[in-house]
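Written below as structure tokens is the structure these notes are about.
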Amino acid sequence: MPLDVIIGAQWGDEGKGRITDLLAAEADIVARYSGGDNAGHTVTVGEQIFKLHLIPSGIVHPHTTCLLGSGMVVNPAILLGEIDDLASMGVNVSPNRLKLSSAAHVLTPAHIALDGAEETRRKGEMLGTTRRGIGPAYKDKAARSGLRLGAMREPEEFAIQMEEHIRAVGEVLERIYNLESPDPVEVAGTYCEYAKRLRPYLTDVGGFVDQALREGKTVLAEGAQGTLLDLDHGTYPFVTSSYPTTPGALIGLGVGPKHLRRIIGVTKAFQTRVGSGPFPTEVFEETADKLRGTGENPWDEYGTTTGRPRRVGWLDGILLRYAVRVNGFTELALTKLDILTGLDPLKLCLSYRRNEDTYHDLPDGPADLSPFTPEYGELPGWRSDLWEIHHRDDLPHEAQSYIRRVEELAELKVSLISVGPEREQVIHWNITA
Ligand code: GDP
Ligand code: IMO
Ligand code: MG
């Protein structure tokens with residue numbers, strides 16, 4: 001009856017989708033629990049590349065049931081688009097294997113318009129959101145004025161509520177931002193049609209997960225975003241509006257902690273961030289070009305959701321250890337080790353300096369990292385390609401030393417390493433129970 005959780009240990013895009021795909025082979029249920037279509041998870045299976053924003057990456061495995069939990073905000077237009085795209089790729093996305101929590105919140109065109117308007121008003125201090133309406137949707141949820149997916153069970157009534165919602169937000173858009181509001185009647189009509197299509201998928205996800213765990217099934221929770229984007233525990237205010245961390249998985253699925261088994265923190269072998277905010281180990285010029293790639297390869301560091309070039313840097317051991325602490329990881333999955341090939345020497349951030357003082361842990365959380373300068377350790381790099389390596393002992397010695405150094409810094413074992421985007425490009429480093 002285990003619940004395994006996959007969590008981003010950094011600022012998102014760590015490769016959670018591909019690690020989920022790997023573990024979904026052994027899971028009965030795969031569930032997203034927080035965020036919305038600000039997420040972009042990529043799964044590569046031979047020639048097929050799946051880019052998922054709302055539906056769990058586990059959908060790629062035909063034997064799984066996939067859930068969207070109550071902690072999510074769901075744009076029905078994006079969800080239906082994703083359902084149609086997957087169906088056209090031959091994936092079964094019928095209501096008997098895809099289920100939506102009736103307690104998840106509905107994301108609307110008014111939220112999207114507000115997200116853009118708020119970002120534009122921040123001018124030089126933009127958060128760099130994905131402009132998918134995430135912040136405004138969670139704001140409505142916290143203000144207890146949001147619409148939940150369960151309301152779609154009565155499409156006509158739902159349409160009336162939608163019309164009222166668009167009128168209310170429209171007033172804010174027009175009066176405060178001097179922007180045109182989406183047409184309430186038109187949106188209500190469209191959402192009424194969405195409701196008719198999505199109604200069969202609605203489920204009590206918490207009850208469903210509980211029943212599955214009681215029956216001894218394995219549930220895999222697929223995190224979106226990352227620890228440093230957590231509303232409470234991230235680099236506030238440069239965060240998202242949900243809880244990507246381990247406790248968020250429990251709240252966002254509606255289950256207690258007693259079922260937890262593996263809590264897998266996914267970290268890249270380096271560091272990336274898309275959007276604004278502090279990034280102590282950020283690098284520029286030649287090293288950045290090497291880490292980011294040109295954009296020619298699907299795995300190069302350009303956002304899956306927005307196409308924006310990601311900021312890149314050396315792996316930050318202080319922030320990694322912080323993520324281990326906040327989430328209670330039982331192990332790490334280290335992705336994109338192949339990208340470090342050819343970089344020599346490699347750097348790892350071992351400590352932070354502020355004035356005369358050296359810190360091995362954050363004295364006051366990650367919100368204000370500006371006074372700190374990273375202090376690096378250097379390790380020799382390697383030149384050989386890692387793509388064809390399947391066994392840990394075949395990794396170059398320098399790569400093995402790098403992984404061991406990451407484990408020392410994180411004070412946690414690495415269980416998996418990935419050396420390419422394909423399913424089989426995974427190496428078991430420490431075999432866990
Ligand atoms: P997620 O949001 O955490 O699921 O990560 P994304 O899918 O947004 O970004 C990770 C990108 O890196 C995707 O394009 C993956 O296919 C790719 N990727 C994942 N692991 C590896 C790896 O080990 N090596 C390489 N080269 N690419 C990888
Ligand atoms: P996955 O699941 C990377 C970032 C945005 C921005 C901040 C707030 O693919 O790892 P939001 O639209 O959520 O209000 O934006 O959070 N962000 C992500 N960065 N990967 C993601 O998801 C992200 N989801 C949000 O870039 O800095
Ligand atoms: Mg992503």
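Each ligand, and each atom within it, is numbered from 1 in the order the structure gives. Numbers here are sequence positions counted from 1.
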I want to know if ligand 2 touches [X] in the polar sense, i.e. an N/O pair below 3.5 angstrom.
{"X": "S241", "answer": "no"}
{"X": "V274", "answer": "yes"}
{"X": "E14", "answer": "no"}

Suppose we only count N/O/S atoms under 2.8 Å; would A224 qualify as near the Mg ion (ligand 3)?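 A224 does not place any N, O or S atom closer than 2.8 Å to the Mg ion (ligand 3).
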
If you count the atoms of ligand 2 from 1 in the order shown, which ones are under 4.0 Å from a heavy atom of [X]?
{"X": "G40", "result": "1 (P), 9 (O)"}
{"X": "G128", "result": "5 (C), 6 (C), 26 (O), 27 (O)"}
{"X": "W11", "result": "3 (C), 19 (N)"}
{"X": "K16", "result": "1 (P), 2 (O), 10 (O)"}

With sequence neighbours excluded, residues passing salt bridge (Lys or Arg N to Asp or Glu O under 4.0 Å) with R405: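 Salt bridge (Lys or Arg N to Asp or Glu O under 4.0 Å) check on R405 returns E408.
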
For D230, all residues meeting salt bridge (Lys or Arg N to Asp or Glu O under 4.0 Å), sequence neighbours excluded: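 D230: no salt bridge (Lys or Arg N to Asp or Glu O under 4.0 Å) contacts found.
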
Run through ligand 1 for me and note each protein residue having a heavy atom under 4.0 Å from it, chain first, then residue number.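 Only D13, E14, G15, K16, G17, R18, G40, H41, T42, T44, P298, W299, T304, R310, K336, D338, I339, S418, V419, G420, P421 have heavy atoms that fall under 4.0 Å of ligand 1, ordered by chain and number.
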
Is it true that [Y] and [X] share a donor-acceptor pair across their side chains at a distance under 3.5 Å?
{"X": "Q225", "Y": "W11", "result": "no"}
{"X": "Y302", "Y": "R310", "result": "no"}
{"X": "S57", "Y": "E222", "result": "yes"}

What's the spacing between L229 CG and T240 OG1 if we round to 0.5 Å?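 These two atoms lie 6.5 Å from each other.
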
S418 vs Q425, test: side-chain hydrogen bond (donor to acceptor under 3.5 Å, both in side chains). Steps then yes/no. CA-CA 6 Å; S418 71; Q425 290 178 305; over 6 Å; no

Can you tell me which portion of R273 lies within the under-4.0 Å heavy-atom range of ligand 2? Options are side chain, backbone, both, or neither.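 No part of R273 is near ligand 2 at this cut-off.
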
Atom of D13 closest to the Mg ion (ligand 3), considering N, O or S atoms: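 Nearest N/O/S atom of D13: OD1.
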
Side chain to side chain contact (heavy atoms under 4.5 Å, CB included) involving E378 - partner list, sequence neighbours excluded: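 Partners of E378 under the side chain to side chain contact (heavy atoms under 4.5 Å, CB included) test: P345, K347.
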
